[in-house]
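Here's the structure, in structure tokens; my notes come after.
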Amino acid sequence: MGICAMIDIKLIRENADFVKERLSHKQFKTPETVDQILQIDEQRRKLQQALDVVLNESNVAAKSIGSLMREGNTDGAEALKMAVAGLKQQEKQIKEQLAAAETQQQALAIQLPNLPHALVPAGASAQQNEEVKQGGRMPALPQGAAPHWELIKTYDLIDFETGAKIAGSGFPLYKGKGAKLQRALVSYFLDYNIAAGYTEYSPPYMINADSAFATGQLPDKEGQMYHMEADSLYMIPTAEVPVTNVYRDVMLKAEDLPIRMTAYSPCFRREAGSFGAQVRGLNRVHQFEKVEIIELVEPQHSMQTLDAMVAHVEQLLQNLELPYRILRLCGGDMGFASAITYDFEVFSAAQERWLEVSSVSNFESFQANRLKCRYKNAEGKTQLVHTLNGSSLALPRIVAALLENNQTPSGIALPQVLHSYFGSGVIS
RNA sequence: GGUGAGGUGGAUGAGUGGCUGAAAUCAGUAGUUUGCUAAACUGCCGUACGGGUUAAACUGUACCGCGGGUUCGAAUCCCGCCCUCACCGCCA
């Protein structure tokens, strides 16, 4: 078993200071981990070399014994067997040490998050995120406009109490026009993505540990996922996990790229410890609907692809006629596996709050390294692909904003693009 | 859940203890030939981690679903597990 760092071990060996500098941007608090990795790595390689020598001696001896046997020289073969007897013991001993070193190095290596891209602003928390753009028109709501949880009651769209009875708090029960609105949004989002060239997938909603590790949910976000202990499966926190894992352990050709996938799925998140005033209604739930886009591209194109994905999501928000802003996340607010992330927020006018509805990230080779998803580049060299993904879009907060921003005395006026999907232009 | 068959390189697929890192075919690739297209012929063509080199060459080790075991030596024998396929049972 090799060492599976998310960051290339060669980069750490050759440029430890650069790695530390970038990690500090991501608020990584223990730069000494890098030095520890280097130290263990050196040790590990020495052991590996020692083991190779011993194994080589065994292999050579075994071949000689084979020839002696074939010549009928049993005495010579027996003598050589005796002579070689000690090698086994040595082999066993070195193997144990090597395994220990590998385990140790692996344990350290998986603690390192992906390195942030040069564009990523410094900063420790959401306050330092950089607003790159605002768009859409702010609605002018009358005094006393209702927040979405009241509108949901008014139009009988979601029964939170019964959802709580069935499963627990944070598991909304959509009904009637609420359920239909969900379906309309999912269909519209998928069609919009398909029209842009993404291939639709409908993945498993549970994943095994290998898949969760490959995209970076394990070990970093173990506590965020629902775990089915009896079957060693996790409920997906996002379609990103099953869909990206389509290409785990796959060798691609350059002409296969880019690979562009979209998938609808429910998403399950424990959201442990995040109760409070800010989580009313649809602001934060344990189960929600989302449509995801995922791309696998050649490394030299990934930043351009990221921009294209951002533009794609932005257009979708414009089509929904929602006021939005785009944030470039600072190092401290970014995910573990991401090199650069743009968040999309819509303004939910009655709550007067910005709600995150999409997060578009370039993971560069971090996920691909864990996925072992590689391709042969133009020079015929094997190289890791770059992976990217984003939501287009997550439903509940879109629903919240649509309800709040479009409330009128005669009902909720839906944006034009949804009319055919919803079968009507208004929720009344 | 039961029974049976099977998991080998990018693909198909041979291989039941040493000369097999793995036949053959296809795909790929470099070249030769032919007036183009097509075809034919020849060479090359797995991955990972090391050593070595300016870079190569060269070289060590590991890998034939995964993990153990037997053996001087395992794709090949033994044990456990996973997965796939077929049939049966159960079931939306």
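The structure displayed is predicted, hence computed values, not measured ones. Naming: A, B, ... by sequence-line order, numbering from 1 per chain.
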For the [atom1] atoms, the ones on [N] and on [M], what distance do you get once it is rounded to whole angstrom?
N     : M     : atom1 : result
B:C79 : B:U70 : P     : 15 Å
B:U32 : B:A23 : C1'   : 27 Å
B:G60 : B:G7  : C1'   : 30 Å
B:G6  : B:G15 : P     : 12 Å
B:A14 : B:U25 : C1'   : 11 Å
B:U84 : B:U8  : P     : 14 Å
B:C82 : B:G13 : C1'   : 24 Å
B:U12 : B:G17 : C1'   : 27 Å

Donor-acceptor pair between A:S302 and A:T305 side chains, under 3.5 angstrom: no
Verify the distance criterion only: is there a donor paired with an acceptor across the side chains of A:R269 and A:Q224 at less than 3.5 Å?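 On atom types as modelled, these side chains do not qualify, holding no pair under 3.5 Å.
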Could you check whether A:L55 gets within reach of a base, just the sugar-phosphate, or nothing at all, counting any heavy atom under 4.0 Å?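 Sugar-phosphate only.
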Quick one: label A:M69 by what it contacts on the DNA or RNA (base, sugar-phosphate, nothing), any heavy atom closer than 4.0 Å.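 Counting heavy atoms under 4.0 Å across all strands, the contact made by A:M69 includes a base.
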Rounded off to whole Å, could you give me the [atom1]-to-[atom2] distance for the [X] and [N] pair?
X      : N     : atom1 : atom2 : result
A:E78  : B:U71 : CD    : P     : 13 Å
A:K63  : B:U20 : NZ    : P     : 10 Å
A:L371 : B:U47 : CG    : P     : 19 Å
A:D52  : B:G52 : CG    : C1'   : 14 Å
A:E96  : B:G68 : CD    : P     : 12 Å
A:K10  : B:A48 : NZ    : C1'   : 9 Å
A:D256 : B:G28 : CG    : P     : 13 Å
A:N73  : B:C72 : CG    : P     : 17 Å

A:Q48 vs A:I65, nearer the 5' end of RNA chain B by closest nucleotide: A:Q48
Want to settle it: does A:R45 or A:L51 sit nearer the 5' end of RNA chain B, counting the closest nucleotide to each? A:R45
Counterpart residues, side chain to side chain contact (heavy atoms under 4.5 Å, CB included), relative to A:H419 (two or more places apart):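 Side chain to side chain contact (heavy atoms under 4.5 Å, CB included) list for A:H419, sorted by chain: A:L414, A:Q416.
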Minimum-distance nucleotide to A:A62 side chain [options: B:U61, B:G73, B:U47]: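 It is B:G73.
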Is there a side-chain contact between [X] and the phosphate of [N], meaning an N or O under 4.0 Å from OP1 or OP2?
X     : N     : result
A:N59 : B:G18 : no
A:K88 : B:G73 : yes
A:R44 : B:C49 : no
A:N56 : B:G60 : no

Nearest heavy atoms of A:P237 and A:I207, plus distance in Å: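 Heavy atoms of A:P237 and A:I207 come nearest at CD-CD1, 4.5 Å.
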Validate the cation-pi geometry between A:R260 and A:Y198: distance from NZ or CZ to the six-membered ring centre under 6.0 Å, angle to the ring axis within 45°. yes
RNA chain B base-pair string [pairs: Watson-Crick or G-U under 3.5 Å; |: paired with another strand]: ((((((((.[[[..)..(.....]]].(((((.......))))).((((((......)))))).[[[[[..)....]]]]])))))))....
Closer than 3.5 angstrom, by distance alone: can the side chain of A:Y205 be matched with the main-chain N or O of A:F268 as a donor-acceptor pair? no
Do A:E91 and A:K95 meet the salt-bridge criterion of a basic N to acidic O distance under 4.0 Å?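 Between A:E91 and A:K95 there is a salt bridge, with a charged N closer than 4.0 Å to a carboxylate O.
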Could you tell me whether A:K81 and A:E78 make a salt bridge, using a distance below 4.0 angstrom between a side-chain N and a carboxylate O?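 Between A:E78 and A:K81 there is a salt bridge, with a charged N closer than 4.0 Å to a carboxylate O.
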Going by side chain to side chain donor-acceptor pair (under 3.5 Å), name the pairs with one or both residues in residues 170-179 of chain A, residues two or more places apart or in two chains.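 Checked against side chain to side chain donor-acceptor pair (under 3.5 Å) - neighbours excluded - the pairs reaching residues 170-179 of chain A are A:D156-A:K175.
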